[in-house]
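Bear in mind that the values here come from a model prediction, so they are computed numbers and not experimental data.
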Amino acid sequence: MIRKLEQKDRRNWAKLYNCYADFYKVSMNTAILDTLWGWIHDESHTVKGLCFEIEGKIVAIAHYRTIPRPIKGQYIGFLDDLFVEEDFRGQKIAQKLISYLKSLSKDNNWQGVRWITHSSNEHAKKLYNKIANNTGFELYELKGD
């Protein structure tokens with residue numbers, strides 16, 4: 001079952017998000033988790049959270065938001081984070097979460113959904129290449145001081 005993250009999900013969500021951060025070798029701490037959790041549950045904030053639940057257990061999470069696409073004068077959905085617990089991979093859970101986001105397009109006035117993944121994430125890219133178009137764009141980042 002796909003549903004919004006609820007307050008009761010905090011512990012399981014944090015466990016999965018820590019695993020996600022570990023996968024990408026990003027340091028995680030309580031302050032970051034508290035901030036993101038607050039955003040997810042602030043109705044006025046753009047970041048939203050979903051989970052995939054099997055028999056009462058959260059086995060996958062996704063964070064997304066609406067963003068403008070200036071060159072088209074339209075809005076799109078942007079999938080920031082997607083993580084499926086290792087023991088539950090291969091069950092098309094990631095694909096189901098992405099399909100769910102696609103179904104939100106009409107309700108949110110999106111003209112599509114975009115996301116990025118690391119070039120080394122071959123497992124995810126195998127799925128993404130089946131269900132979406134690779135735009136060919138490369139991501140650059142200019143860090144603040």
Side-chain angles (χ1 to χ4, degrees), residues 1-69 72 74-141 143-144:
M1 170 175 70
I2 296 173
R3 63 172 176 80
K4 288 182 178 183
L5 285 164
E6 299 173 4
Q7 289 292 342
K8 67 178 180 148
D9 301 322
R10 170 69 190 246
R11 181 187 224 172
N12 292 329
W13 166 84
K15 177 184 166 223
L16 291 173
Y17 202 60
N18 274 301
C19 290
Y20 175 81
D22 288 347
F23 178 83
Y24 280 113
K25 298 175 177 58
V26 174
S27 297
M28 187 52 56
N29 62 49
T30 303
I32 294 169
L33 291 171
D34 289 347
T35 298
L36 178 53
W37 191 249
W39 290 349
I40 290 168
H41 294 287
D42 177 351
E43 288 297 321
S44 67
H45 200 280
T46 188
V47 173
K48 308 296 179 205
L50 297 172
C51 64
F52 195 97
E53 183 180 41
I54 297 175
E55 297 177 4
K57 179 181 179 177
I58 295 173
V59 300
I61 55 173
H63 303 133
Y64 68 96
R65 58 197 157 106
T66 300
I67 63 169
R69 188 162 182 224
K72 297 282 187 169
Q74 301 170 334
Y75 287 95
I76 61 171
F78 192 85
L79 174 60
D80 284 291
D81 309 312
L82 175 62
F83 185 79
V84 178
E85 191 175 320
E86 193 170 346
D87 292 344
F88 292 87
R89 293 180 186 160
Q91 298 180 35
K92 299 189 177 186
I93 293 171
Q95 186 172 347
K96 290 174 185 175
L97 284 164
I98 292 169
S99 292
Y100 183 83
L101 288 174
K102 185 178 179 183
S103 75
L104 291 177
S105 291
K106 187 174 183 179
D107 295 341
N108 289 292
N109 195 32
W110 298 341
Q111 300 303 311
V113 179
R114 284 188 161 190
W115 62 91
I116 60 173
T117 194
H118 195 273
S119 59
S120 66
N121 194 349
E122 295 298 328
H123 185 74
K125 288 182 356 182
K126 188 183 270 189
L127 166 64
Y128 301 159
N129 287 330
K130 288 180 186 174
I131 64 172
N133 298 318
N134 183 329
T135 65
F137 282 87
E138 295 189 25
L139 176 69
Y140 293 84
E141 180 178 46
K143 295 188 178 194

Backbone of W110 reached by a side-chain donor or acceptor of N108 within 3.5 Å:
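Judged by distance alone, no pair lies under 3.5 Å.
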[Y] side chain reached by [X] side chain, heavy atoms, under 4.5 Å:
X    : Y    : value
N121 : F23  : yes
I67  : R114 : no
R3   : I58  : yes
Y128 : N134 : no

Check the pair K48 / D80 against side-chain contact (heavy atoms from CB on, under 4.5 Å), numbers first and verdict last.
CA-CA 10 Å; K48 308 296 179 205; D80 284 291; over 6 Å; no
Has [X] got more than 12 heavy atoms of other residues, nucleotides or ligands less than 6.0 Å from its [atom1]?
X    : atom1 : result
N133 : CG    : no
K8   : NZ    : yes
Y75  : OH    : no
K125 : NZ    : yes

Roughly how far apart are [X] [atom1] and [Y] [atom2], rounded to 0.5 Å?
X    : Y    : atom1 : atom2 : value
L5   : L50  : CG    : CG    : 7.0 Å
N18  : L33  : CG    : CG    : 5.0 Å
T117 : L139 : OG1   : CG    : 11.0 Å
Y64  : T46  : OH    : OG1   : 9.5 Å
H45  : I40  : NE2   : CD1   : 10.0 Å
E53  : M1   : CD    : CE    : 4.0 Å

Do the side-chain N and O atoms of S120 and Y24 include a donor-acceptor pair separated by under 3.5 angstrom?
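There is no such pair between these side chains.
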Distance only, no hydrogens: is a donor on one side chain within 3.5 Å (strictly under) of an acceptor on the other, for Q7 and W37?
yes
Taking only Lys NZ, Arg NE, NH1 and NH2, and the carboxylate oxygens of Asp or Glu, determine whether D9 and K15 approach each other closer than 4.0 Å.
no
Do you know the tightest heavy-atom contact between S44 and D42?
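What the structure gives for the nearest pair is OG-OD1, 2.7 Å.
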If you take all heavy atoms of L16 and A60, which pair is closest and at what distance?
CD1-N, 3.8 Å
Quick one: side chains of residues 81-99, donor-acceptor pairs under 3.5 Å with protein atoms, not counting sequence neighbours, listed by atom name and distance.
unit_1: D81; atom_1: OD1; unit_2: Y20; atom_2: OH; d: 3.0
unit_1: D81; atom_1: OD2; unit_2: Y17; atom_2: OH; d: 3.1
unit_1: D81; atom_1: OD2; unit_2: H63; atom_2: ND1; d: 2.8
unit_1: E85; atom_1: OE2; unit_2: K57; atom_2: NZ; d: 3.2
unit_1: R89; atom_1: NE; unit_2: V84; atom_2: O; d: 2.8
unit_1: R89; atom_1: NH2; unit_2: V84; atom_2: O; d: 3.0
unit_1: S99; atom_1: OG; unit_2: Q95; atom_2: O; d: 3.0

